[in-house]
There are 2 protein chains.
Amino acid sequence: MTSSEKCCCSSGNLDPDFAKCGGLLPVVVQDAQSGDVLMMAYMNEEAWQETLKTSRGVFFSRSRQKLWRKGEESGNLQVVTSIYIDCDRDTILLKVDQIGGAACHEGYKSCFFREIAPQCGKIVGERVFDPATVYKK
Amino acid sequence: MTSSEKCCCSSGNLDPDFAKCGGLLPVVVQDAQSGDVLMMAYMNEEAWQETLKTSRGVFFSRSRQKLWRKGEESGNLQVVTSIYIDCDRDTILLKVDQIGGAACHEGYKSCFFREIAPQCGKIVGERVFDPATVYKK
């Protein structure tokens, strides 16, 4: 599928509906191998088109207000293996191979490294890298 | 943990930060058994507290602007088995046992029943129920 193609099937248009949510749709990123939910981020239409074109996880950073090519700084980019759209066409699910084994900027595989219930405040992830070394901040 | 308790660990407060995102935080719902991502929804603080108290998936419906006790109409409620918070404390991950085997109002197990890339517009889910029968609309 090229970036300019429209997605459709018998049930109609399957493109993400960027007219919703102020043009920023939530994106769930899941590890294609383990099924772990790695992170949640947002895409605008430009990020979506670049993701389709490059098969890399490209998002829109709300804090920086610009395209965020995941891994551009850490090297931990995401190779997209498949993409799903939800029933309302306003949420995207990416299955990815997570390069470097860590999606979270805090050095964990998943951003959801803390279980808060029924366990209360337990870190369940293991750090893959040390953020101070990788991001040099 | 009771609904009035605060979550914390050595890294500080772990409660969802409802001061962000206009008080509506995205929630990823994952099947505790299969690891399938079932749906994405939103919680306000009231939905969050009720989820903690009842161990059922309770959300805030943006379209109806009120609490949405998942399954209240279809019977397909979600029994929460564990809850995770992300690094920024603005996204919640629920692992659930999905009663009835279908989370999607269109009768599929997951709302992400359509793969759109690299396959283009392929329905990959199987209907568990017929929405016309369940919702009587």
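Everything quoted here is computed from the prediction, not taken from an experiment. Here is the naming used below: chain letters follow the sequence lines, and residue numbers restart at 1 for every chain.
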K.L.:
Got a second to check how far A:R114's CZ is from B:L14's CG, nearest 0.5 Å?
P.N.:
4.5 Å

K.L.:
Output every pair passing salt bridge (Lys or Arg N to Asp or Glu O under 4.0 Å) with a member in residues 30-44 of chain A, not counting sequence neighbours, ordered by first then second residue.
P.N.:
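Every pair satisfying salt bridge (Lys or Arg N to Asp or Glu O under 4.0 Å) with a residue in residues 30-44 of chain A: A:D36-A:K109.
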
K.L.:
What part of B:I92 gets closer than 4.5 Å to chain A, counting heavy atoms only: side chain, backbone, both or neither?
P.N.:
backbone

K.L.:
With salt bridge (charged side-chain N to carboxylate O under 4.0 Å, His left out) as the criterion, how do A:D88 and B:R62 come out once you've worked through the C-alpha distance, each side chain's angles and the decisive distance to 0.1 Å?
P.N.:
CA-CA 13 Å; A:D88 300 323; B:R62 294 174 303 162; over 6 Å; no

K.L.:
First locate atom CH2 of A:W68, then atom CZ of A:F59, and finally report the distance between them rounded to the nearest 0.5 Å.
P.N.:
6.0 Å

K.L.:
Mind ranking A:G35, A:C111, A:S110 by heavy-atom pairs under 4.5 Å with chain B and telling me who comes out on top?
P.N.:
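Ranked by contacts with chain B, first place is A:C111.
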
K.L.:
Counting only heavy atoms not in A:Q65, do more than 12 fall under 6.0 Å of its CD?
P.N.:
yes

K.L.:
Within a radius of less than 6.0 Å around NZ of B:K20, do more than 12 heavy atoms belonging to other residues, nucleotides or ligands occur?
P.N.:
yes

K.L.:
What part of B:V28 gets closer than 4.5 Å to chain A, counting heavy atoms only: side chain, backbone, both or neither?
P.N.:
side chain

K.L.:
Counting only non-hydrogen atoms closer than 4.5 Å, can you tell me which residues of residues 98-107 of chain B sit against chain A?
P.N.:
B:C104, B:H105, B:E106

K.L.:
How long is the straight-line distance from CG of B:D97 back to CG of B:L77, given to the nearest 0.5 Å?
P.N.:
10.5 Å

K.L.:
Can you sort out the partners of B:S74 under side chain to side chain contact (heavy atoms under 4.5 Å, CB included), two or more places apart, ordered by chain and number?
P.N.:
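Scan of B:S74 (side chain to side chain contact (heavy atoms under 4.5 Å, CB included), adjacent residues dropped) gives B:N76, B:V134, B:Y135.
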
K.L.:
Report the residues that fulfil ring pair (Phe, Tyr, Trp, His ring centres under 6.0 Å) with A:Y84, sequence neighbours left out, ordered by chain and then residue number.
P.N.:
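Per chain and number, A:Y84 pairs via ring pair (Phe, Tyr, Trp, His ring centres under 6.0 Å) with no residue.
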
K.L.:
At a heavy-atom separation under 4.5 Å, does B:V124 approach chain A through its side chain, its backbone, both, or neither?
P.N.:
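When you check distances to chain A, only side chain atoms of B:V124 fall under 4.5 Å.
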
K.L.:
For chain A, find which of B:D90, B:I83, B:V37 contributes the most heavy-atom pairs closer than 4.5 angstrom.
P.N.:
B:I83

K.L.:
With only heavy atoms counted, which part of B:S55 is less than 4.5 Å from chain A, the side chain, the backbone, both or neither?
P.N.:
neither

